[in-house]
Q: 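Pasting a structure below so you can have a look.
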Amino acid sequence: MTQQTLSSKTQIRTYQNLINGAYVAPVSGENYTRTSPLTGEDLVQIAWSNQVDADNAIQVARKVFDEGKWSNSAPKNRHDILRKTADLIREKSQAIATTICQEVARPFNMCVMEVLMTADIFDYFAGLSLDIKGEAITQEGNIIGMTVNEPVGVVGIITPWNFPLVLVAWKIAPAIATGCTMVIKPSEFTPSSTFMLVEILAEAGLPPGIANIVTGDGAVVGERLVESPLVDKIAFTGSTAVGKNIMAKAAPTLKRISLELGGKSPNIIFPDADLPQAIMGAIGGIYLNSGQVCQAGSRLLIHESIKDAVVEQLVGASQTLAIGNPMDVNTFMGPVINQRQFERVQSYIQAGIDEGAKLITGGVGQHSVPGFPDGLFIKPTIFDDVSSTMKIAQEEIFGPVLAVMTFRDEAEALAIANDSMYGLTAGIWTKNIDTAFRMAKGIRAGTIWINTYHTSGLEPRMPYGGFKQSGIGREVGHKGLEEYLETKSVHIKVG
Ligand code: NAD
């Protein structure tokens, strides 16, 4: 990695591919420059790789895995690397958070939180690495059976830009804990924290060739990881559209796949809820990271008896949110990630207007923030009178746009909540334990929050993943470890 000063304000980082512990230029010699969503300045330059670069990294990961030294190493060895990584991440948290803040444009304190959550992930999987074991099963006569859990092999890791560090950690940490090797393709918009993490892993003692990074276009590098017969598993987080493509392209080699995909989560407020808490939960639920969160509570279902009062407070709260420079401690919302995402959100706001939803705050256009004329800011936007058939109620917008709907009773709330191709998360706000449990049972989603929202990332022991078209498989928790293991049955005849 090299660093050079671009201007008095920004340092441009440069990364080549990281293969077998060495930085290597892409065979094409081409690079890609990521610009800041806040200032438009160049931020980071990465290799724009092709299939040959991907194949080179895959071959290294395959060779290192097949040699067996790493995959058969003592669990204590892998534990110590993971534990040391957690410590080093905490030590370097400010520098990593600054980098994430620049590339994602999420407020700095929330970036620090992502970094600390990542350290916890490494601690958690350090613990699990010491507890990978099988069973002994007594069979008929003199036959004993045993199951052995082995690493799945070479893992292709493909990640998005919205939480670039914790989401890659959800995959790298269990891959190391189980003895896999990997090739990682981070998002081209937020590559740096992945490089920082893999550099930390090396500092913590991870031998070369186990965690390799190849950057570039998803349709080129990502697809090569998916199609290569030398890769055993793909761990992907990203959009449902790309997830479906991965599933199709992984079929010829029958790869193991885990897919963490999009969402359109219902956040449901019952009339007996603690309203100040519920309103805060609705605001945080949609506007965290400028709405660019897979689990965003983008459909707010409010009981008809309290709808007007709740909406009035939501509008008031939305209009006072601090929008601006993510490095400023008072900022709650920064700009969106890039021009394409900005336009995509604009088109959804326009679609809401065209379909007859009632725009009650925010709207189309760039929100101007003094000092940042090029900042891709979007005002917090709320639509009332949304019906479940509208585009803004069905499609993932991935921006600060909230669709408000009403319901008469529990049955209707449940029907609206489940009227979606997605099933990632849901929020329920009520003091009635019966209502809470009935709704939690009825909603088809991988995570349910009752009287809270967005707390998943804080608890590595709770598995995370989607029902329906929000994904396949689970990350973190014991289930997240199992995704990186193959079970072998051994039958032994004695005597
Ligand atoms: P994306 O699907 O566009 O890209 C994700 C990654 O896939 C990137 O690294 C990209 O380069 C790569 N990619 C693109 N095309 C590919 C292809 N054909 N083959 C292989 N890889 C390819 O998603 P994004 O815009 O980076 O992220 C936003 C999406 O991620 C949203 O839909 C969001 O809901 C989802 N997401 C889901 C979770 C979850 O845990 N369920 C978490 C965060 C984000």
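Any value given below was found using the heavy atoms of this structure, including those in side chains, with hydrogens, waters and symmetry copies removed. As the structure lists them, so they are numbered: ligands from 1, and atoms in each ligand from 1.
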Q: For atom CZ of R90, decide whether the heavy atoms of other residues, nucleotides or ligands shown that lie under 6.0 angstrom number more than 12.
A: yes

Q: Heavy atoms only, cut-off 4.0 Å: how does Y464 contact ligand 1, side chain, backbone, both, or neither?
A: side chain

Q: Can you tell me the protein heavy atom closest to atom 11 (O) of ligand 1 and the distance?
A: K185 NZ, 3.0 Å

Q: Could you tell me whether some N/O pair between D217 and ligand 1 is separated by less than 3.5 angstrom?
A: no

Q: Within the 4.0 Å heavy-atom shell around P160, which atoms of ligand 1 are there?
A: 24 (P), 26 (O), 27 (O), 44 (C)

Q: If you round to the nearest 0.5 Å, how far is CH2 of W161 from CD1 of I337?
A: 5.0 Å

Q: Which atoms from ligand 1 have a heavy atom of N245 less than 4.0 Å away?
A: 18 (N)

Q: Should the proximity of E396 to ligand 1, defined as any heavy atom under 4.0 Å, be assigned to the side chain, the backbone, both, or neither?
A: side chain

Q: Please state which protein non-hydrogen atom is closest to atom 41 (N) of ligand 1 and give its distance, to 0.1 Å?
A: L261 O, 2.7 Å

Q: Which ligand 1 atoms, with their elements, are less than 4.0 angstrom from a heavy-atom of T237?
A: 5 (C), 36 (N), 37 (C), 38 (C), 39 (C), 40 (O), 42 (C), 43 (C), 44 (C)

Q: Counting only heavy atoms closer than 4.0 Å, does ligand 1 sit against the backbone of F163, its side chain, both, or neither?
A: neither

Q: For the pair N245 (side chain) and A248 (backbone), establish whether a donor and an acceptor sit closer than 3.5 Å, ignoring hydrogens and angles.
A: no

Q: Mind running side chain to side chain donor-acceptor pair (under 3.5 Å) on S192 and R13 for me, showing each step along the way?
A: CA-CA 8 Å; S192 301; R13 292 177 286 273; 3.0 Å; yes

Q: What residue and atom, counting heavy atoms only, is the protein's closest point to atom 21 (N) of ligand 1, and at what distance?
A: G218 O, 3.6 Å

Q: For ligand 1 and T159, I'd like to know whether there is a polar contact (N/O to N/O, distance under 3.5 Å).
A: yes

Q: S239 versus ligand 1: do any nitrogen or oxygen atoms come within less than 3.5 Å of each other?
A: yes

Q: For a quick check under 3.5 Å, do Q350 and D354 share a side-chain donor-acceptor pair by atom type?
A: yes

Q: How long is the gap from CG on L128 to CD on E482, to the nearest 0.5 Å?
A: 10.0 Å

Q: What atoms of ligand 1 come within less than 4.0 Å of a heavy atom belonging to L167?
A: 42 (C), 43 (C)

Q: Would you check if there is a donor-acceptor pair between the side chains of T447 and Q295 at a distance under 3.5 Å?
A: no

Q: Taking atom CG of L225 and atom NZ of K185, what is their separation to the nearest 0.5 Å?
A: 9.0 Å

Q: Is it the case that the side chain of R224 and the backbone of V52 share a donor-acceptor pair, with hydrogens and angles ignored and the cut-off at 3.5 Å?
A: no

Q: As an exercise, identify every atom of ligand 1 less than 4.0 angstrom from a heavy atom of S187.
A: 9 (O)

Q: Is there a heavy atom of W161 sitting under 4.0 angstrom from any atom of ligand 1?
A: yes

Q: Closer than 4.0 Å and a protein heavy atom, does any atom meet both conditions relative to atom 4 (O) of ligand 1?
A: no

Q: Using a strict cut-off of 4.0 Å, indicate which atoms of ligand 1 neighbour a heavy atom of E223.
A: 17 (C), 18 (N), 19 (N), 20 (C)

Q: Could you tell me the residue and atom name of the protein heavy atom closest to atom 28 (C) of ligand 1, and the distance to it rounded to 0.1 Å?
A: F398 CE2, 3.5 Å

Q: Do any nitrogen or oxygen atoms of N162 lie less than 3.5 angstrom from nitrogen or oxygen atoms of ligand 1?
A: no

Q: Hey, what's the ring geometry for Y32 with F189, parallel, tilted or perpendicular (30° and 60° as the breaks)?
A: perpendicular

Q: Nearest heavy-atom pair of L201 and F122: which atoms, and what distance?
A: CD2-CE2, 4.0 Å

Q: Given the rule in the side chain to side chain donor-acceptor pair (under 3.5 Å) test, do W449 and T425 qualify, once you have shown the distances and angles that lead to the verdict?
A: CA-CA 8 Å; W449 293 292; T425 60; over 6 Å; no

Q: For atom 35 (C) of ligand 1, grab the closest protein heavy atom and report residue, atom and distance to one decimal in Å.
A: G238 O, 3.1 Å

Q: Considering I234, I158, V242, V166, which one's heavy-atom position lies nearest to atom 16 (C) of ligand 1?
A: V242

Q: Only one of L402, L314, V404, I382 passes side chain to side chain contact (heavy atoms under 4.5 Å, CB included) with I360; say which it is.
A: I382

Q: Take S420 and K468 through the test side chain to side chain donor-acceptor pair (under 3.5 Å) and record every step on the way to the result.
A: CA-CA 9 Å; S420 171; K468 301 195 269 183; 5.4 Å; no

Q: Among all protein non-hydrogen atoms, which one is nearest to atom 36 (N) of ligand 1, and what is the separation to 0.1 Å?
A: C294 CB, 3.5 Å

Q: Is the contact between Q295 and ligand 1 made by the side chain, the backbone, both, or neither, using heavy atoms and a 4.0 Å cut-off?
A: neither

Q: Going by the order shown, which atoms of ligand 1 are within less than 4.0 Å of some heavy atom of L424?
A: 41 (N)

